Structures are given as structure tokens and as C-alpha cells.
Peer 1: 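Got a structure for you, written out below as C-alpha cells; questions coming shortly.
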Number of protein chains: 2
Amino acid sequence: MSTSDPDRRYHHGDLRASLVAAALAQLEVGGAAALSLRGAARTCGVSAMAPYRHFSGKEELLEAVAASGFEDLAVALEAADASADGAQALAAQGAAYVTFACRQPALFRLMFMGPGCGPDRSRAYAILERRAATLAGSRMAVADLTLAAWSLVHGLAALILDRRVPLAGEAAEDAARRITLAFARLAAEAR
Amino acid sequence: MSTSDPDRRYHHGDLRASLVAAALAQLEVGGAAALSLRGAARTCGVSAMAPYRHFSGKEELLEAVAASGFEDLAVALEAADASADGAQALAAQGAAYVTFACRQPALFRLMFMGPGCGPDRSRAYAILERRAATLAGSRMAVADLTLAAWSLVHGLAALILDRRVPLAGEAAEDAARRITLAFARLAAEAR
DNA sequence: ATCGGATGTTGACATCGTACACAACCTCGC
DNA sequence: GCGAGGTTGTGTACGATGTCAACATCCGAT
């Protein structure tokens, strides 16, 4: 009707994307515990049941949030993978991985420890594998090297996020670069 | 009173331990999502408020559960650390770490991704560090080597648990042993 | 213009974590 | 013995959450 506030249209326009954005925002400020379906709906100015028109339930919303996180991760890794030197590039990827985790800890956790554990070898994996292939040799197959490199940075990120290791901010990224580089050189020399 | 059922004593006897055990059991069957304070109380045949006499809230119960998990982990790592050869021992520790995670996935998650993120360099860390010290050299300091080894197995475990990697059961442990061993040898040779 | 599907709303329910007040029990000092 | 006082468990209540069912509103194709 003509008299009503344009912000209060019955139809939201793009609720699905707004819900994902709201969930992401909530994730950043309050951690995973503060993420509620109702809260996201409230943020979008919509009723508690509206999200169910776009997601089958809470879990599916979280999966969508995680998916958007994987997109960002892939972009960050691709950007870091610039150096011509294989070991340097791998180290840069490692640092970028840890940086991503440190900057969006709750998102990172959700992406990996979340309820949706789909076996999706993501785009990020492909980027890493491409680099690892240039370093692999007889001592370590490509698959193992890729898995080792990924485990290394993933574990480092996880340990840092959970404060299992006294590193934070810049120091964390430095450690990631240093360790990934050492690992890459070890692998390259032993080829 | 003499007529009452002995199972229905007003005092439970050892509620605290029973609650931790109940939570652990629930964790194994239904994952972290199925873990509720009320549920644990119900399992123990006690009112919903009783747990608050032993824990300040849900978080503290979870911390107690996690602590019991760390105990078990340390025991498992210590048992695996038997071999005289440093690289072999490190590989065995890595396999044991992954095995632990695979056998009690929800517990493992709770221990690390749980709400309580205390900077406790646990006993498990000391065991690992001792081994790593025998392999470190000029190329990689003890601290970095320890951190790298831990990150490697921790990341591997995390990726396996979240099905990010197509490994399960025996294959997972094999991969852990293989990769940890390769890493340890690389480090030892480059010393 | 209208009809149907997509989108949102209201109301209700079970469950959860937790606060407050009260009851049963155990352990002392006497 | 026995009663005082702390310890442990109970009952009730409140607000928040995820989800179901039924209903309302809107937009686009016909």
C-alpha cells in the first residue's frame, strides 16, 4: 500500500543473502555460540519463520555461511600464490591460510568443525595441490605432500585459534610463514 | 529411611564424576549437539538443577569432560612413544594422536574447539617436545619443530574428522604414520 | 483482472540454560 | 544422643531457541 514505510515491504527482496550476511556478522562479533536463526531473522527485520523459506533449518544456513567462507579462502590463497619460487609460494599460501583463520576465527571454525562435513575437495585444495606438485619428488608423493602441507597449516591455524599455542596476530602469521617455508625447503631439497 | 529404595537416595554419592561420564557417553553417541546439561542430569537420575552444585554452568562441565580427554590423550601418546628410534617414535605418536581423534571424534573436537580455550601446554605437549628435541638441528629450532609436528598431526586429525580428506579408519592411521615419518626423516637428515 | 506459487506472519510447543527459594541429608561440637 | 549449620538435591519459573501448522500477502504469468 502507498502509505507504508518502504523499509517494511512484505517481501524483503533478497532474504537469503541477507541472512547469510547477518549470520556472518553475528559470527564475527559474538562467536558461534551467539549465532541463532531467530537472531539472524531479527537482524533482517523479518519473522522467526521466514528463514525456513530459504533454508531447511539452521544447519543449512550454517552450510551456506561456510560456503561463502570457502569462497573467500580460495580467493585469498590464489592471491598469495604469486611468487615464482615454489617454496616461497607455498609459504605465502600457508601464511595466508593462517591469516584468514586469525581474522575470522569463528567463520574458520564453522567452515571446518561445523555440522556440515561434506567431502568437498574445495577450490582451495586444488590451488594448494598445484603448488605442491612442483615440489614433490620420489621421497614424498604429490598426494602425501599436499596432505602434509594442508595439515600443517590447518593444524597450526586450529592450534592458534584455540590458544593452544602462545602466538597471536603478526607473530602467528610469521610462524606460519617460517614453518611452511622450512617444510617446503626440506621437501624440495630431499626431492 | 529403611523402607525406601536404595537407588533413590537423596544424595547421589559421586554426582560430579557421574555427570562427566554421562556427558562423555552422550558425546560418543550423539555428538556435541546432543550434549545437554539437563540430559546428563537425567541420565544420572537427578534434577536439572543438581549439576549446578558441582559446576558453575554448562561450560564448566564441558571443561571437565575435556580435561578427562586430555588425560587419556597423554596416556595414549606416552604409550606410543616407546621406540628407540626418534623418527619412528615421532611417527608412532602421530599415529596415536590421529587414532585418538578418530575413535572419539566428538571428544577430540570438544577438547580443542571447545569453549574453554585455556593456554595450557598440556602434558601431551611435553611428551611431543621431548621427542622433537632429539630431532631438531640448525635448520629448524626445537620450538618450531615441535610446533610443526604438532600442527601436522593435529591438522591431519581435524581434516579427517571433518571428512575434508577421503581417509577413514585404518587408512587414516596409516596416512598419519606415513606422513609423520616422512616429516621426521626430512628433519633428521637436514639437521 | 485473476489465479497460483513464492514469500512472510502468527501462534504454539518442546527443550534448553539458568535464577531463586526451599527441603533433605550429613557432620560436627556438645 | 542431639541440635546447629553447611552441603547437596528439588521445584518452580523465566526467557530464548529451533521448529511445526495454518494463515496472509505479494508478484508474475496467463
Side-chain angles (χ1 to χ4, degrees), chain A residues 1-27 29-66 106 110 114-116, chain B residues 1-27 29-66 106 110 114-116:
Chain A
M1 13 168 96
S2 55
T3 65
S4 78
D5 185 343
D7 287 356
R8 290 301 185 111
R9 290 199 320 280
Y10 190 89
H11 281 58
H12 177 281
D14 190 2
L15 222 205
R16 190 187 158 99
S18 297
L19 284 169
V20 172
L24 211 74
Q26 196 65 27
L27 212 50
V29 307
L35 209 174
S36 77
L37 208 45
R38 292 176 101 109
R42 227 175 290 131
T43 302
C44 294
V46 106
S47 84
M49 285 303 297
Y52 286 87
R53 292 291 152 196
H54 301 271
F55 304 97
S56 71
K58 184 179 190 178
E59 189 166 321
E60 211 171 279
L61 203 214
L62 297 196
E63 278 170 24
V65 172
L110 175 65
Chain B
M1 292 296 86
S2 54
T3 64
S4 76
D5 186 344
D7 287 356
R8 290 301 186 110
R9 291 196 318 278
Y10 189 88
H11 281 50
H12 177 282
D14 191 0
L15 222 204
R16 189 188 159 98
S18 296
L19 284 169
V20 172
L24 211 72
Q26 197 65 26
L27 211 52
V29 306
L35 210 174
S36 77
L37 208 46
R38 293 175 101 110
R42 229 175 288 131
T43 301
C44 294
V46 109
S47 85
M49 287 303 296
Y52 286 87
R53 291 290 153 196
H54 302 271
F55 304 98
S56 71
K58 183 179 191 178
E59 190 166 322
E60 211 170 279
L61 204 213
L62 298 194
E63 278 170 23
V65 172
L110 175 64

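Heavy atoms only: backbone and side chains are in, while hydrogens, waters and symmetry mates are out. Naming convention: chains lettered A, B, ... in sequence-line order (proteins, then strands); numbering from 1 in each chain. A quick note: this is a predicted structure, and the numbers were derived from the prediction, not measured.
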Peer 1: Whole Å only: how far is the CZ atom of F55(B) from the C1' atom of dT18(C)?
Peer 2: 16 Å
Peer 1: Using whole Å, report how far NE2 of H12(B) lies from C1' of dC26(C).
Peer 2: 17 Å
Peer 1: For the pair made of CG in L61(A) and P in dT19(D), what is the distance, rounded to whole Å?
Peer 2: 10 Å
Peer 1: So, for G57(A) and L37(A), which heavy atoms are closest and what is the spacing to 0.1 Å?
Peer 2: C-CD2, 4.2 Å
Peer 1: dT19(D) phosphate, OP1 or OP2: any side-chain N/O from Y52(A) under 4.0 angstrom?
Peer 2: yes
Peer 1: 5'-most contact on DNA chain D: G39(A) or A48(B), nearest heavy atom basis?
Peer 2: A48(B)
Peer 1: Measure from the side chain of L37(B), starting at C-beta and using heavy atoms only, and say which of dT18(C), dG18(D), dT10(C) lies closest.
Peer 2: dT18(C)
Peer 1: Heavy atoms only: give me the nearest F55(B)-L19(B) pair and the separation to one decimal.
Peer 2: CE1-CD1, 3.8 Å
Peer 1: Does some side-chain heavy atom of L62(A) sit less than 4.5 Å from a side-chain heavy atom of L35(A)?
Peer 2: yes
Peer 1: Heavy-atom nearest nucleotide on DNA chain C for R38(A) versus L15(A): which residue maps closer to 5'?
Peer 2: L15(A)
Peer 1: Considering every strand and a 4.0 Å limit on heavy-atom distances, what is the contact class for S36(A): base, sugar-phosphate, or nothing?
Peer 2: sugar-phosphate
Peer 1: What integer distance in Å separates Q26(B):CD from dC16(C):P?
Peer 2: 10 Å
Peer 1: Rounded to the Å, how far apart are M49(A) CE and dA21(D) P?
Peer 2: 10 Å
Peer 1: How close or far is atom P of dG8(C) from atom CZ of R42(A), stated in whole angstroms?
Peer 2: 17 Å
Peer 1: Between atom CZ in R53(A) and atom C1' in dC27(D), what is the gap in whole Å?
Peer 2: 15 Å
Peer 1: What contact category does R16(B) fall into here, base, sugar-phosphate, or nothing, at under 4.0 angstrom with non-hydrogen atoms?
Peer 2: nothing
Peer 1: Under 4.0 angstrom, heavy atoms only, what part of the nucleic acid is G57(A) near: base, sugar-phosphate, or nothing?
Peer 2: sugar-phosphate
Peer 1: Would you mind telling me which of dT9(C), dG9(D), dG18(D) lies closest to the side-chain atoms of V46(B)?
Peer 2: dG9(D)
Peer 1: What distance separates S56(A) OG from E63(A) CD, expressed to the nearest 0.5 Å?
Peer 2: 7.5 Å
Peer 1: Supply the atom-to-atom distance S47(B) OG to R42(B) CZ, rounded to the nearest 0.5 angstrom.
Peer 2: 11.5 Å
Peer 1: Taking 4.0 Å as the cut-off, does a side-chain nitrogen or oxygen of H54(A) come that near to OP1 or OP2 on dA6(C)?
Peer 2: no
